[in-house]
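See below for the structure under consideration.
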Amino acid sequence: MSVHQAVRTPTDTSVSGWYGLLPPPKAPEVLRGRHIADWIIVGAGFAGLAAARRLSQLVPDDRIVVVDAQRVGWGAAGRNSGFMIDLPHELGGENYGSSRAYDKKRIRMNRAAIEFSGSAAEEYGFQSHFVRSGKIHGAATSHGIRALHDFEDHLKGVSEPFEQLDAAEMKRITGTDFFVGGTFTPGTVMAQPAGFIRGLAEGLSNRVEIFEDSPVTTLRPGKEHKVQTLEGEVVAPRLILAINGHLESFGFFKRRLLHVFTYASMTRQLSETEQATLGGEPHWALIPGDPMGSTLRRIGDRIVVRNTFTYNPAMTTNDRQILKIGRAHDRSFKTRFPMLGDIAMDYRWGGHLCLSLNSAPAFGEIEDRVYVAGCCNGLGTVQGTLYGMLAAELAVGTGNPMVSDALEEPSPTKLYPGPVMAVGAPARLWLMQKRAGREL
């Protein structure tokens with residue numbers, strides 16, 4: 001029997017805007033004492049709760065326990081931009097597509113995850129946090145327009161619909177003349193990520209036991225897996241680890257996971273006069289033509305800007321780093337919305353992404369009856385849902401053909417030696433962001 005000890009790291013205390021917009025949650029149920037269950041799921045993000053929901057459907061009489069170190073929606077799951085993207089989207093690549101055959105498979109699998117999420121939103125009544133709005137790829141430069149044309153050519157190759165937008169149409173939607181063109185694709189769902197996750201947890205609460213503020217200190221896989229927290233423990237014959245990059249904290253996929261943070265700022269509420277000055281539509285979501293550019297969302301009377309990636313192998317960021325990058329957000333915001341003048345930001349935050357050098361997920365059975373769903377390569381909303389759902393299918397043995405598709409994916413490859421990563425990873429991110437130019 002192996003023992004996996006958690007690596008304790010400081011907690012990021014910055015509140016994401018998505019979490020800050022929600023009403024205060026009820027008091028957490030903390031894991032205390034000893035519990036016997038049929039299933040243990042570590043992690044209550046997109047992957048963990050997708051696994052819990054699928055298990056509740058497949059084995060409804062089993063006792064399912066979910067344990068999370070923080071409040072539901074507080075961590076990485078509630079800190080992303082909320083794009084549930086159905087189309088090819090390799091965040092770390094030079095474009096948004098790869099081979100046609102592979103991308104068709106990814107589209108099919110991503111859409112299965114989106115439909116699974118949509119059925120949950122409908123069943124549990126949080127449709128306002130799950131909106132089928134589509135997304136815009138916006139370009140501000142000739143470089144961005146070329147990237148969009150490449151993207152559109154790829155979409156034609158996989159027979160996916162899109163709509164070209166000229167500068168006038170971009171201004172009509174966004175209110176700014178910053179963008180010279182765009183591409184609209186209809187399949188993306190826009191989530192309020194913290195609201196979605198909290199709604200999913202609340203909906204599952206009558207079938208699944210969810211313990212919050214209960215960081216796992218030790219995993220002891222064996223005939224009966226034991227998960228220990230600061231104040232309690234759970235014992236069960238089956239264990240699903242849905243902790244994304246923190247798989248490495250317990251000794252799994254060592255030197256195979258690349259830990260990156262990205263950052264966002266959310267404005268204060270815009271006044272009615274400011275909204276009228278801006279014009280445009282009240283709700284829209286935009287991904288940059290260059291993958292390293294600025295992502296934007298308008299949610300009524302607020303705007304969210306997200307840009308900048310940093311290599312953080314310790315899986316933490318800090319207020320100083322967030323505030324420094326926040327100044328870059330302010331510059332990007334003013335460049336795009338000069339008509340609004342100086343708009344204060346109510347929230348700034350960082351969010352942890354887990355990538356692999358070959359864009360491969362961490363998925364499968366890694367020890368006897370120990371299953372993993374992680375390393376979502378910047379697509380935690382949709383691929384976290386997908387791999388969490390499929391981890392449950394794999395563990396139960398349903399024979400779902402998408403499980404075979406997922407198992408055919410390569411495993412994350414080994415990272416370069418530590419000194420090379422320490423210099424090369426930040427340099428690579430800097431170069432990619434430098435190339436983005438005005439798109440950033």
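Heads up: numbering here begins at 1 and tracks the sequence.
A donor-acceptor contact closer than 3.5 angstrom is absent between the side chains of Arg302 and Thr267. In this structure, a donor-acceptor pair under 3.5 Å is absent between the side chains of His352 and Asn244. Judged by distance alone, the side chains of Thr308 and Gln433 never bring a donor and an acceptor atom under 3.5 Å apart.
Within 6.0 Å of CD on Glu272 lie no more than 12 heavy atoms contributed by other residues, nucleotides or ligands. Within 6.0 Å of atom CG in Asp153, more than 12 heavy atoms from other residues, nucleotides or ligands are found, so the atom counts as buried in its surroundings. Within a 6.0 Å radius of NZ in Lys105, other residues, nucleotides and ligands contribute more than 12 heavy atoms.
Remark: the backbone N or O of Gln127 is not paired with any side-chain donor or acceptor of Glu122 at under 3.5 angstrom. With Glu169 contributing its side chain and Asp166 its backbone, the two residues share a donor-acceptor pair below 3.5 Å. A donor-acceptor pair under 3.5 Å is absent between the side-chain atoms of Ser265 and the main chain of His329, judged by distance alone. With Arg306 contributing its side chain and Thr295 its backbone, the two residues share no donor-acceptor pair below 3.5 Å. Judged by distance alone, the side chain of Gln192 and the main-chain N or O of Trp18 form a donor-acceptor pair under 3.5 Å. Formation of a donor-acceptor pair under 3.5 Å by the Asp68 side chain with backbone atoms of Ala44 is found in this model. With Glu439 contributing its side chain and Thr141 its backbone, the two residues share a donor-acceptor pair below 3.5 Å. The backbone N or O of Arg108 sits nowhere less than 3.5 Å from a side-chain atom of Asn110 that would complete a donor-acceptor pair. Under the 3.5 Å distance criterion, the side-chain polar atoms of Glu409 are left unmatched by any main-chain donor or acceptor of Ala360. Using a distance-only test at 3.5 Å, with no hydrogens or angles considered, a donor-acceptor pair links the side chain of Glu212 to the main chain of Val72.
Remark: Asn312 CG to Thr317 OG1 distance equals 5.5 Å, nearest 0.5 Å. From Ile303, atom CD1 reaches atom CZ of Arg268 across 10.5 Å, with rounding to the nearest 0.5 Å. Here the CG atom belonging to Leu200 is positioned 4.5 Å from the CG atom belonging to Leu49, to the nearest 0.5 angstrom. Atom NZ of Lys414 and atom CG of Asn358 lie 13.5 Å apart (nearest 0.5 Å). Taking CE of Met421 as the start and CG of Leu258 as the end, the distance is 4.5 Å to the nearest 0.5 Å. Rounded to the nearest 0.5 Å, atoms CD (Glu233) and OG1 (Thr217) are 9.5 Å apart.
Contact detail for Ala373 and Ala391: the closest heavy-atom pair is CB-CB, 4.3 Å. Of all heavy-atom pairs spanning Thr310 and Leu429, the tightest one is C-CD1, 3.8 Å. Closest non-hydrogen pair, Asp213 versus Pro28, comes out as OD2-CG, 3.7 Å. Pairing each heavy atom of Leu247 with each of Gly374, the nearest pair is CD1-CA, 4.4 Å. Closest heavy-atom contact between Ala392 and Ala51: CB-O, 3.7 Å. Minimum heavy-atom separation, Ile85 to Thr188: CA-OG1, 3.9 Å.
Counting heavy atoms from C-beta on, the side chains of Val382 and Asp86 never come closer than 4.5 Å. Looking at heavy atoms from C-beta onward, His246 lies out of side-chain contact with Val42 at the 4.5 angstrom threshold. Leu278 places a side-chain heavy atom less than 4.5 Å from the side chain of Met339. Side chains of Ser294 and Pro288 form no contact here, defined as non-hydrogen atoms less than 4.5 Å apart. Arg198 has its side chain within reach of Pro23: a pair of non-hydrogen atoms, C-beta onward, lies under 4.5 Å apart. The shortest distance between side-chain heavy atoms of Leu357 and Tyr416 falls below 4.5 Å. Proximity of Met389 to Met402: side-chain heavy atoms (C-beta onward) are separated by under 4.5 Å at one or more points. Put simply, the side chain of Leu296 does not reach to within 4.5 Å of the side chain of Thr174, judged on heavy atoms.
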**Message:** With side-chain contact (heavy atoms from CB on, under 4.5 Å) as the criterion, how do Glu29 and Phe211 come out once you've worked through the C-alpha distance, each side chain's angles and the decisive distance to 0.1 Å?
**Reply:** CA-CA 5 Å; Glu29 185 172 357; Phe211 295 98; 3.5 Å; yes
**Request:** For Val370 and Leu241, run side-chain contact (heavy atoms from CB on, under 4.5 Å): C-alpha distance rounded to whole Å, both residues' side-chain angles, the deciding distance at 0.1 Å, then the answer.
**Result:** CA-CA 7 Å; Val370 178; Leu241 299 176; 4.2 Å; yes
**Request:** Begin with the C-alpha distance, continue with both residues' side-chain angles, and end with the deciding distance and a verdict on side-chain contact (heavy atoms from CB on, under 4.5 Å) for Arg172 and Leu165.
**Result:** CA-CA 10 Å; Arg172 177 186 61 79; Leu165 303 172; 5.5 Å; no
**Request:** Mind running side-chain contact (heavy atoms from CB on, under 4.5 Å) on Arg132 and Phe130 for me, showing each step along the way?
**Result:** CA-CA 7 Å; Arg132 298 179 185 269; Phe130 180 91; 3.8 Å; yes
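Here the options are Phe46, Tyr124, Phe83, the test is ring pair (Phe, Tyr, Trp, His ring centres under 6.0 Å), and the partner is Phe196; only Phe46 passes. The salt bridge (charged side-chain N to carboxylate O under 4.0 Å, His left out) with Glu160 is formed by just one residue from the set Arg111, Lys104, Arg100; it is Arg111. Results of the side-chain contact (heavy atoms from CB on, under 4.5 Å) test with Tyr263 over Arg348, Lys324, Gln321 single out Gln321 as the only residue that passes.
A cation-pi arrangement is absent between Arg79 and Tyr19, since the terminal nitrogen or guanidinium carbon is not both under 6.0 Å from the aromatic centre and inside a 45° cone about the axis. A cation-pi geometry, defined here as NZ or CZ lying under 6.0 Å from the six-membered ring centre and within 45° of its normal, does not hold between Arg54 and Phe116.
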